[in-house]
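Report on one structure; see the data block that follows.
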Amino acid sequence: MGNSPPTPPDDITSKQIQTILAGWGKQHFRPFPWRTPLKEWHGLIAEILLQRTRAANVIPVYQIFIQRFPLPQQLGMASVEEIENIIRPLGLHWRAPLLKKLGQKLSENDGCVPHDEQALNSLPGVGAYVTAAFLSLHAGVRSIIIDSNIVRFVGRLSDCLVDGETRRKKWLIAYVEALTPLNDINVFNYALLDFTMEVCTTIPKCDICPLGERYCAYRKRNIAEKTPNECGII
DNA sequence: AAGACGGGGAC
DNA sequence: GTCCCAGTCTT
Ligand code: SF4
């Protein structure tokens, strides 16, 4: 028998982490173009373009994309070639034919994006992450989001090694579920995205982290071992 | 469960 | 040059 998987923090601790992250997020909210009030269609497109791609790199492609395809109908009628050319700087070109199918499928629904989890998840190019991100960030529906940055963050909180499969593990999902508040879902999820993008990064910036050793087992161990962290600052 | 996809920026 | 990024789809 190996080590048992990490268990989520208790309710009190989870709420404290939520409060700290939400407070941090309010002061460090990043106004990406897809975060300003927008059409749901544009929000869905943004989440797809953001797959495995740093947000800053998506900005110019997103602007061109929604200018060329303001409505799903226009995307559905475009050629795969044209779509592929527009998203080329982002790589993962297999998304081009899926985006065309997405436009066609939404056209059948009057161009409206469904708010049903099953319906979203079955759309071409839309998986667990895009479904949860769209619901929580663009439709006000509480959903937990799990991306590679958030997996890394949970790994740090619990001081557990993670890999590419960790995002599908039950313990990880339960952990994020416990951390995610019942209300103000978009505020918390934006904070979680920004925090994991800017503070709990591949090389963590523990010296500016609002959580620290009280909430982060990785940080606590580094301090206890009196080894310099990966920032090189105590 | 494991592999493929991908350009581009950070280091 | 290496690693990693708001994952998804296919064996
Ligand atoms: S203390 Fe460091 S490792 Fe822990 S959550 Fe903060 S930035 Fe991440």
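We name chains A, B, ... by the order of the sequence lines, and we start the count at 1 in each one.
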Inset, instruction - Show your working on salt bridge (Lys or Arg N to Asp or Glu O under 4.0 Å) between A/Asp194 and A/Arg30 and close with a plain yes or no. - result: CA-CA 7 Å; A/Asp194 288 340; A/Arg30 299 191 60 181; 5.3 Å; no
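Taking only side-chain atoms of A/Thr53, from C-beta outward, the nucleotide of B/dA2, B/dG6, B/dG8 with the closest atom is B/dG6. Taking every side-chain heavy atom of A/Val130 into account, C/dG7 is the closest of C/dG7, B/dA2, C/dC9. Set against B/dG6, B/dG8, C/dG7, the side chain of A/His93 has B/dG6 as its closest nucleotide. The side chain of A/Pro89 approaches B/dG8 more closely than any other nucleotide in the set B/dA2, B/dG8, C/dC4. When each of C/dC5, C/dG7, B/dA2 is scored by its nearest atom to the side-chain atoms of A/Trp94, the top-ranked nucleotide is C/dG7.
Residue A/Ala133 is out of contact with every strand shown, counting any heavy-atom pair closer than 4.0 Å. Across all strands, A/Ala128 comes closer than 4.0 Å only to sugar-phosphate atoms, never to a base (heavy-atom distances). At a threshold of 4.0 angstrom between heavy atoms, the contacts of A/Arg88 are confined to the sugar-phosphate backbone, with no base atom among them. When heavy atoms are screened at a 4.0 angstrom cut-off, A/Arg152 is found touching the sugar-phosphate backbone but no base atom. Contacts of A/Val126 with the nucleic acid, taken as non-hydrogen atoms under 4.0 Å apart, involve only primed sugar atoms and P, OP1 or OP2.
Along DNA chain C, the nucleotide nearest to A/Leu137 and the one nearest to A/Asn121 differ in position, and the one closer to the 5' end is contacted by A/Leu137.
Between the OH atom of A/Tyr129 and the C1' atom of C/dC5 there is a distance of 12 Å, rounded to whole Å. For the pair A/Lys169 NZ and B/dA2 C1', the computed distance is 12 Å after rounding to whole Å. What separates CG of A/Leu98 from P of C/dT10 is a distance of 7 Å, to the nearest Å. For the pair A/Ile48 CD1 and C/dC9 P, the computed distance is 9 Å after rounding to whole Å. Taking atom CD1 of residue A/Ile145 and atom P of nucleotide C/dG7, one finds them 10 Å apart after rounding to whole Å. The OH-P distance, from A/Tyr62 to B/dG7, rounds to 24 Å in whole Å. In this structure, the CD1 atom of A/Ile59 is 12 Å from the P atom of B/dG9, given to the nearest Å. Going from atom NZ of A/Lys101 over to atom P of C/dT8 covers 16 Å, rounded to whole Å.
A/Asp163 contributes a side-chain N or O that, together with a main-chain N or O of A/Glu165, makes up a donor-acceptor pair within less than 3.5 Å. Judged purely by atom type and a 3.5 angstrom limit, A/Thr13 has no side-chain atom pairing as donor or acceptor with the backbone of A/Pro9.
Looking at A/Thr201 and A/Lys205, their side chains come closer than 4.5 Å, going by heavy atoms from C-beta outward.
Of the side-chain N and O atoms in A/Arg95, none sit less than 4.0 angstrom from OP1 or OP2 of C/dT8. Proximity of A/Asn57 to the phosphate of B/dG7: no side-chain N or O atom is located under 4.0 Å from OP1 or OP2. The phosphate of C/dC5 (OP1 or OP2) has a side-chain N or O of A/Ser148 nearer than 4.0 angstrom.
Within a 6.0 Å radius of CG in A/Asp110, other residues, nucleotides and ligands contribute 12 heavy atoms or fewer.
A/Val80 approaches A/Lys100 most closely through the heavy-atom pair CG2-CD, 3.6 Å.
Evaluation of atom-type donor-acceptor distances gives a pair under 3.5 Å for the side chain of A/Arg54 against the base of C/dC4.
Comparing the same atom, P, in B/dG6 and in C/dT11 gives a spacing of 15 Å after rounding to whole Å.
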